[in-house]
Amino acid sequence: MTTPAEPRTDVPTAAGAAVPEKPALEGLEDKWIARWKADDTYAFIRPASRAEVYSIDTPPPTVSGSLHVGHVFSYTHTDLIARFQRMRGKHVFYPIGWDDNGLPTERRVQNFYGVRCDPTVPYDPDFTPPEKPDPKHELRISRPNFVELCHQLTHVDEKAFEDLWRRVGLSVNWSSLYTTISADSIMVAQKAFLRNVVREEAYLSEAPTLWDVTFQTAVAQAELDARDYPGAYHRVAFHAAGGPVFIETTRPELIAACVALIAHPDDERYRSLFGSTVTSPLYGVELPVLAHPAAEPDKGTGIAMCCTFGDLTDVTWWRELQLPARVIIGRDGRIMRDRPEWIADDATWQVIAGKTIVSARELVVAGLRASGDLDGEPTPTLRKANFYEKGDKPLEIVSTRQWYIRNGGRDEDLKRVMLERGADLEWIPPHMRYRYDNWVGGLNGDWLISRQRFFGVPFPVWYSLDADAEPDYDHPILASEDRLPVDPSSDVPAGFSESQRGKPGGFVADPDVMDTWATSSLTPQIACGWERDPELFDVTFPMDLNTHAHEIIRTWLFSRVVRAHFENHSVPWLRCMISGFVMDPDRKKMSKSRGNTVVPTDVLERYGSDAVRWRAAKIRPGLDSPFDQAEMKVGRRLALKVLNASKFVLGAGALSDPAAITEPADLSLLAQLTASISEATRSFEAYDYTSALESTEQFFWQFCDDYLELVKERAYGPAEDSGAASARATLTLTLDIVLRLFAPIMPYVTEEVWSWWKAGSIHQARWPVPDEVVVREDPELLSDVSAALIQIRGAKTQARVSMKTEISLAKFYGTAWALAHLQAVAPDLRAVGRITGDVIWVETDGPIAVDVTLASPT
RNA sequence: GGGAGCAUAGCUCAGUUGGUUAGAGCACUUGCCUUACAAGCAAGGGGUCAGCAGUUCGAGUCUGCUUGCUCCCACCA
């Protein structure tokens, strides 16, 4: 009745078919981590054609940061797909990288070693960091020494990350590991940048820029974090001919930077003042009163002071009304020491000169109070202020020269193209596309990529100096591609010699580095060997899948779409699978700043990787999920159940002979198994790993609870008995297939059991197909048997007796069809129910029912 | 203020194009040492599908409104 698609020949493992006495989960991870590493089980073997490859772009974690369970879940989601595709026969290109460049690393190095980078300090080849950092006296060290320390520390961090990912069981290609600060990455980042410059997709511009005073660097729109920030409204009088004009401000320290008062053109209250002038309190600077539609009549008093620069509206006014720039805040976040030329009275200026913003504010308020220009007391308010996401002071706006890459923020045509690129991607789940559309639609400037920092990819650019040693920013000297990677601070541009560095008529290096996103926006190009390995690039790019959590759609996802659009005229990948967050039990987002993170190593140790992965697989793409320890226990129980059930199956004697499967109950099970294979496959193909797991799990539990119990006695029969052979062959085939269905989710326990009687890794085995089992029996048969079993067990439970209590008389009720099903497996039914007496069959129209008479307990 | 998602058992979640009596796991109750597993097995209780209104022979499912929660974006006078 049943023939296998192809006879299977099972080769015993080298160790022999060893089923342990007491299987345990402990120790499996160490054992298989070592084996997979030694055998390079997940190696990418380069095939001839793109169609044979499945390539995946994964987020390079910031190695100086810390990971929490949310990361583990998200990376697991990717691995589930990778393992499924590998078993489907794809050559899975699954590189991983470490994001080790950038500010987080610098900050960690500063704290770890107690040092600070000072580019003016010369390199010390014999430098060794202090054994015990002294936070009060940071050691000032040269940029090369600082960068060396960054490399040292990230190396240590990277080892810990690799250990974690290996424990989680990620089947990445470790030989394709990249880092964002490696020579290759620098080369890719510099080459792509140079091409952007040549095509005028990147440009240098002096403009007001959001500036972090702590880190003293520019930051990009994507790195902003709007936070509540306590402040106070100060009602301040400016002086006009007709009397005082009151404004409200939370930033009175900027009165000295004021360039105009501005109200809405239709605002009757101020219409008469337009075109006239007022003078500022304390400083007596004469200022025009102007009209602009961006002024909001219902904010404050309806008339605002426009400063250089208090907020982005000030920048708009400065630009559109062509106002002068009156900068008073320096890049260190302090009021400038020298009195600006528009302030007449030096004594007034000296009050705030050199002060921090906070103390300057207090001093100015005291001055206003003394001069009578403060109307009433300041009223506290909670306002939103822009912060750098890694900073803890509100951003200032300063005018600086920076490199930008066009992203559509200042170009409607490009914006439309970027939206179209987003629409070309397959989004899993689909609604994540709206996040992309929202972000791109709301861009209000190009992408600022330069950072005034040290550990990062340097811009491959110099500027020539004129006779006064002033740099010519309009004509940057670009490195030629064949010299990459270059460090302009030590390399010399063509046609110059090192002796001309910094000299009149000579040259100077661009001092900045690229933001880390500028490099990580090229991970598909870095990983796939762009410009370095054309054959690899051809078979891996555009990639098949991009995965990460939804918070970096606006940053990492979007920036890669931009770079691939410019460089490759394509999308970087075909689809994006977006993970949700793990929330704390109060349904709050897990984050380091909230202090509610769960350290993954603890959880992995307590429940095991298979259990944690099982839990991750229960979370569908895009959905947030609360973290619950109890859920892990269930996963652990399943892993253990797989071990125990396998022990039973193989303990009865593995029989890889599908032709021996002849009994109706056995054939019916295989019919159900076939349906499960189809369902799991369909689900995985649709990236619905959760449903794939659920269908397999449901089959497996029913297999254990009903089928295994039903055939237990028969399976123990003598080898020459055809019923016993049928049971054993069914058990063996079912285990073989179920293990493979579980393999992407629980790689450890499935590999362990596989090794008990098969050679090779289950992770290199093929995903099951329904054709492996050719069935002609009715899957309903076992369902009817289960229904009868429930009745028999129920009777015993109700009587509060043991399941092994004998039944002296059993009456089965049901349709002729159902009774036929039960009669077909009557011996099994007698065995599992311990029916020792008579069996009576009663045909009815109703559902299956069983009446039993229990023998008196022994 | 703009956008998105969610609301089904005490908890976490399924519930295809509307169609019998709304499901699962956990938790809970009760029973069972049953030779794969007591980290197990068996049986059971538990829901006004957030609320209101509508479409329909029929609504957890479709439409509108309301409420609540979460996330993203905007909001610095």
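Chain identifiers are assigned alphabetically (A, B, ...) following the order of the sequence lines, protein sequences preceding nucleic acid strands; residue numbering begins at 1 within each chain. These values consider heavy atoms only, across backbone and side chains, with no hydrogens, waters or symmetry-generated copies.
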Report task. Answer with base, sugar-phosphate or nothing: what part of the nucleic acid does A/Pro626 contact at a heavy-atom distance below 4.0 Å? Result ->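 A/Pro626: backbone/sugar contact only, no base atoms under 4.0 Å.
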
At 4.0 Å (heavy atoms only), tell me whether A/Ala652 reaches a base, stays on the sugar-phosphate, or touches nothing.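 Counting heavy atoms under 4.0 Å across all strands, no contact is made by A/Ala652.
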
A/Lys384 has a side chain; which of B/A36, B/C75, B/C41 sits nearest to it?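 It is B/C75.
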
Between B/C26, B/A36, B/G3, which one does the side chain of A/Asn438 approach most closely?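 Closest nucleotide among those given: B/G3.
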
Can you check the [X] [atom1] to [N] [atom2] distance for me, whole Å?
{"X": "A/Trp614", "N": "B/C13", "atom1": "CH2", "atom2": "P", "result": "12 Å"}
{"X": "A/Glu296", "N": "B/G1", "atom1": "CD", "atom2": "C1'", "result": "11 Å"}
{"X": "A/Arg637", "N": "B/A27", "atom1": "CZ", "atom2": "C1'", "result": "11 Å"}

Please tell me if [X] has a side-chain N or O lying less than 4.0 Å from either OP1 or OP2 of [N].
{"X": "A/Arg554", "N": "B/C73", "result": "yes"}
{"X": "A/Thr313", "N": "B/C76", "result": "yes"}
{"X": "A/Tyr716", "N": "B/A36", "result": "yes"}

*asked:* Let's test your reading of the model: under 3.5 Å, does the base of B/C37 pair with the side chain of A/Lys641 as donor and acceptor?
replied: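 Side chain to base: pair found, below 3.5 Å.
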
Any carboxylate oxygen within less than 4.0 angstrom of a Lys/Arg side-chain nitrogen, looking at A/Glu389 and A/Arg227?
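No, no charged N to carboxylate O under 4.0 Å.
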
Listed once per pair and sorted, the ring-ring contact (aromatic ring centres under 6.0 Å, His included) pairs that draw on residues 608-654 of chain A, sequence neighbours left out:
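Listed by first then second residue: A/Phe648-A/Tyr716.
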
Margin query: Can you tell me which residue among A/Arg620, A/Arg682, A/Glu679 is in a side-chain hydrogen bond (donor to acceptor under 3.5 Å, both in side chains) with A/Ser691?
Written below: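 Only match with A/Ser691 under side-chain hydrogen bond (donor to acceptor under 3.5 Å, both in side chains): A/Arg620.
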
A/Tyr607 pairs by side-chain hydrogen bond (donor to acceptor under 3.5 Å, both in side chains) with which of A/Arg637, A/Glu631, A/Arg615, A/Gln629?
->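 Result for side-chain hydrogen bond (donor to acceptor under 3.5 Å, both in side chains) with A/Tyr607: A/Gln629.
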
Pairs of donor and acceptor atoms involving the side chains of residues 19-26 of chain A, under 3.5 Å and at least two apart or interchain, shall be tabulated with distances.
residue, atom, partner, partner atom, Å
A/Glu26, OE2, A/Arg636, NH2, 2.7

Check: Across all strands shown, which nucleotide pairs with B/A4 by Watson-Crick or G-U wobble geometry, both distances under 3.5 Å?
Finding: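 Across any shown strand, B/A4 pairs with B/U70.
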
Upstream residue (5' side of RNA chain B) when A/Asp624 and A/Asp225 are each assigned their closest nucleotide
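First, find each residue's nearest nucleotide; the 5'-ward one identifies A/Asp624.
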
**Prompt:** 5'-most contact on RNA chain B: A/Lys647 or A/Asp628, nearest heavy atom basis?
**Reply:**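 Closest to the 5' end, via its nearest nucleotide, is A/Asp628.
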
With 3.5 Å as the limit, what N/O pairs link the protein to nucleotides 30-34 of chain B?
residue, atom, partner, partner atom, Å
B/U30, O2', A/Arg800, NH2, 3.1
B/U34, OP1, A/Lys804, NZ, 2.6

